Amino acid sequence: MTERLEGAPVAEALDRATRALLETVGTGPEAPCLASVHRGEEGPFRRYLRGQQRAAERLGVRFREEILDSAAGPGALSAVVRRLDRDPSVQGVLVEHPLPAPYDFASAMRELRAEKDVDGVGTENLGRLLNGEAGHAPAVCRAAIAIARHYGLPLDGQSVAVVGRSGTVGLPLALLLLQRTPGPNATVTVAHSRTGDLARSLATARIIFSCAGHPRLLTRSVVPEGAAVVDVGLGSVPAPERPGGVVWVGDADSDSLEGWASALTPVPGGVGPVTVAQLMWNTAKAAQMQAGGPSDP
Ligand code: NAP
């Protein structure tokens, strides 16, 4: 029997912490504001965006969308981020990623001060993470670890694997998992698209954090028996009979892993809602940091 690691109770616990933090930083018209910058196109970020809107409404976080003008030149993204960085009514800024060319995500993020970079994906926050200093870390990475901790999956000293090495998901997750006490202290293997034999790389892992965005990559032929899978990946596969013509799936093939993996996060309903809840907490924290409060996570 494979345990389903639902995100809902983890998200609810985070929401309670966010509500308590909001009481100290401001509510109603004084509540922190999150600005979400995106292309306005269908895709995984659009799903994430709908979750952000719902969570902001539920928690009383002010929320605003900034849709990029597709006709504007490559400098438009940096200009939007620069404007939001200078806007005192905005405490947190999130930029859709990954973004296709000609958008230059990395240089746009250089326009944003670290305290407003609520997804912790700018160079300064990633550097702080590398050095074990306080700052924002990517919401999805904290969410994946929060799920593991909530369900008591052992991390300290344990062999875990991260599938994916992007600078915004896989790599920061590996860094967070490696952090010394009070961090998880895990022993981490990182796999990627050039990993020749995925099964061999994952063979000793007791927990696999999958962030590849490759539907059904993880089957029982690559996951060791009894391992737990925290599925961060989100991708679509054609489903002509469904509204929209697609169905959203993770990296794990849940049919193949049923009765083989010890535990698995569902998609949807696993990492996604916890990521949104973590982002709201990060936004409240950003407001506290900008008001001169502590920056410890
Ligand atoms: P990305 O930039 O496309 O990176 C994907 C990573 O996976 C790359 O490092 C790639 O390797 C690796 N990879 C791809 N195919 C692989 C394979 N067959 N075997 C092993 N590794 C493989 O994507 P991302 O921004 O990191 O996001 C990763 C996934 O997380 C996406 O599905 C995204 O939608 C999802 N996500 C979910 C949430 C959530 O809330 N649930 C939030 C953010 C992102 P190379 O480096 O060699 O190319």
Side-chain angles (χ1 to χ4, degrees), residues 5-8 10-11 14 36 38-39 41-55 94-101 103-106 109 118-121 126 136-148 161-176 188-203 205 208-219 221-223 229-237 246-253 264-282:
L5 309 177
E6 300 284 350
V10 191
L14 267 165
S36 206
H38 65 100
R39 290 171 299 155
E41 290 188 10
E42 278 310 319
F45 192 82
R46 194 69 179 211
R47 281 183 68 87
Y48 189 20
L49 190 76
R50 285 193 282 269
Q52 291 165 37
Q53 282 163 329
R54 282 196 296 268
L94 173 76
V95 179
E96 174 181 355
H97 58 81
L99 275 173
Y103 294 111
D104 186 344
F105 177 78
M109 290 308 294
V118 281
D119 208 20
V121 290
L126 290 172
H136 293 298
V140 65
C141 304
R142 286 216 190 278
I145 293 174
I147 290 179
V162 175
V163 184
R165 59 174 170 180
S166 74
T168 50
V169 184
L171 279 184
L173 177 56
L175 286 173
L176 279 168
V188 184
T189 297
V190 180
H192 48 79
S193 70
R194 300 293 293 270
T195 299
D197 185 342
L198 189 58
R200 207 168 82 175
S201 297
L202 303 184
I208 297 168
F209 293 86
S210 192
C211 332
H214 187 297
R216 297 173 186 149
L217 175 67
L218 298 187
T219 60
S221 63
V222 289
V223 173
V229 176
V230 177
D231 195 351
V232 175
L234 186 62
S236 58
V237 293
V246 295
V247 63
W248 293 92
V249 295
D251 292 345
D253 182 336
L264 173 63
T265 57
V267 177
V271 175
V274 187
T275 301
V276 171
Q278 181 70 52
L279 181 67
M280 295 299 137
W281 189 91
N282 286 7

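It should be emphasised that the depicted structure is a prediction, and the values quoted were computed from it without experimental measurement. Counting starts at 1 for both ligands and their atoms, in listed order.
For the pair S36 and F45, the tightest heavy-atom approach, listed with the atom from each and the gap, is OG-CZ, 3.7 Å. When every heavy atom of A199 is checked against every heavy atom of S221, the shortest pair comes out as CB-O, 3.6 Å. Contact record, Q52 with L94: NE2-CD2, 3.3 Å, taken as the closest heavy-atom pair. Here the closest heavy-atom approach between residue P215 and residue S236 is recorded as CG-O, 4.3 Å. Among all heavy-atom pairs drawn from A139 and D119, the shortest one is N-OD1, 2.9 Å.
In terms of protein heavy atoms, atom 45 (P) of ligand 1 is closest to S193 OG, 3.4 Å. Nearest protein heavy-atom neighbour of atom 25 (O) of ligand 1: P98 CD, 3.5 Å. Among protein heavy atoms, atom 44 (C) of ligand 1 sits closest to V169 CG2, 4.1 Å. The nearest protein atom to atom 38 (C) of ligand 1, hydrogens excluded, is given as V140 CG2, 3.6 Å; this is a heavy-atom distance. If you check which protein heavy atom lies closest to atom 26 (O) of ligand 1, you get S166 OG, 2.5 Å. Of all protein heavy atoms, the one lying nearest to atom 40 (O) of ligand 1 is T275 OG1, 3.1 Å. Among protein heavy atoms, atom 15 (N) of ligand 1 sits closest to H214 CD2, 4.0 Å. When hydrogens are left out, the protein atom nearest atom 13 (N) of ligand 1 is A212 CB, 3.8 Å; that is the closest non-hydrogen contact.
Polar contact with ligand 1: present for L234 (N/O pair, distance under 3.5 Å).
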Applying side chain to side chain contact (heavy atoms under 4.5 Å, CB included), run through L202 and L218 and close with a yes or a no.
CA-CA 10 Å; L202 303 184; L218 298 187; 4.1 Å; yes
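Counting only non-hydrogen atoms, the option in D251, V232, V271 that gets closest to atom 35 (C) of ligand 1 is V232. For atom 8 (C) of ligand 1, the choice among R165, R47, H192, H97 with the nearest heavy atom turns out to be R165.
Between E96 atom CD and L49 atom CG the span is 8.5 Å, to the nearest 0.5 Å. Once rounded to the nearest 0.5 Å, the distance linking CG of L5 with CD1 of I147 reads 7.5 Å.
In this structure, the side chain of T265 engages the main chain of D231 through a donor-acceptor pair within 3.5 Å. Checked by atom type and distance alone, the side chain of D251 never pairs as donor or acceptor with a backbone atom of L217 at under 3.5 Å. Checked by atom type and distance alone, the side chain of T195 never pairs as donor or acceptor with a backbone atom of L198 at under 3.5 Å.
Counting heavy atoms under 4.0 Å from ligand 1, residue L217 touches it through the side chain alone.
Under a 4.0 Å criterion applied to the non-hydrogen atoms of G213, ligand 1 contributes the atoms 29 (C), 31 (C), 32 (O). Heavy-atom proximity to G164, at under 4.0 Å, picks out these atoms of ligand 1: 6 (C), 7 (O), 9 (O), 12 (C). Atom numbering of ligand 1 starts at 1 in the shown order; those under 4.0 Å from a heavy atom of V163 are 20 (C), 21 (N).
Inside a 4.0 Å radius of atom 3 (O) of ligand 1 there is not any protein heavy atom.
For the pair G235 and ligand 1, no heavy-atom separation below 4.0 Å is found.
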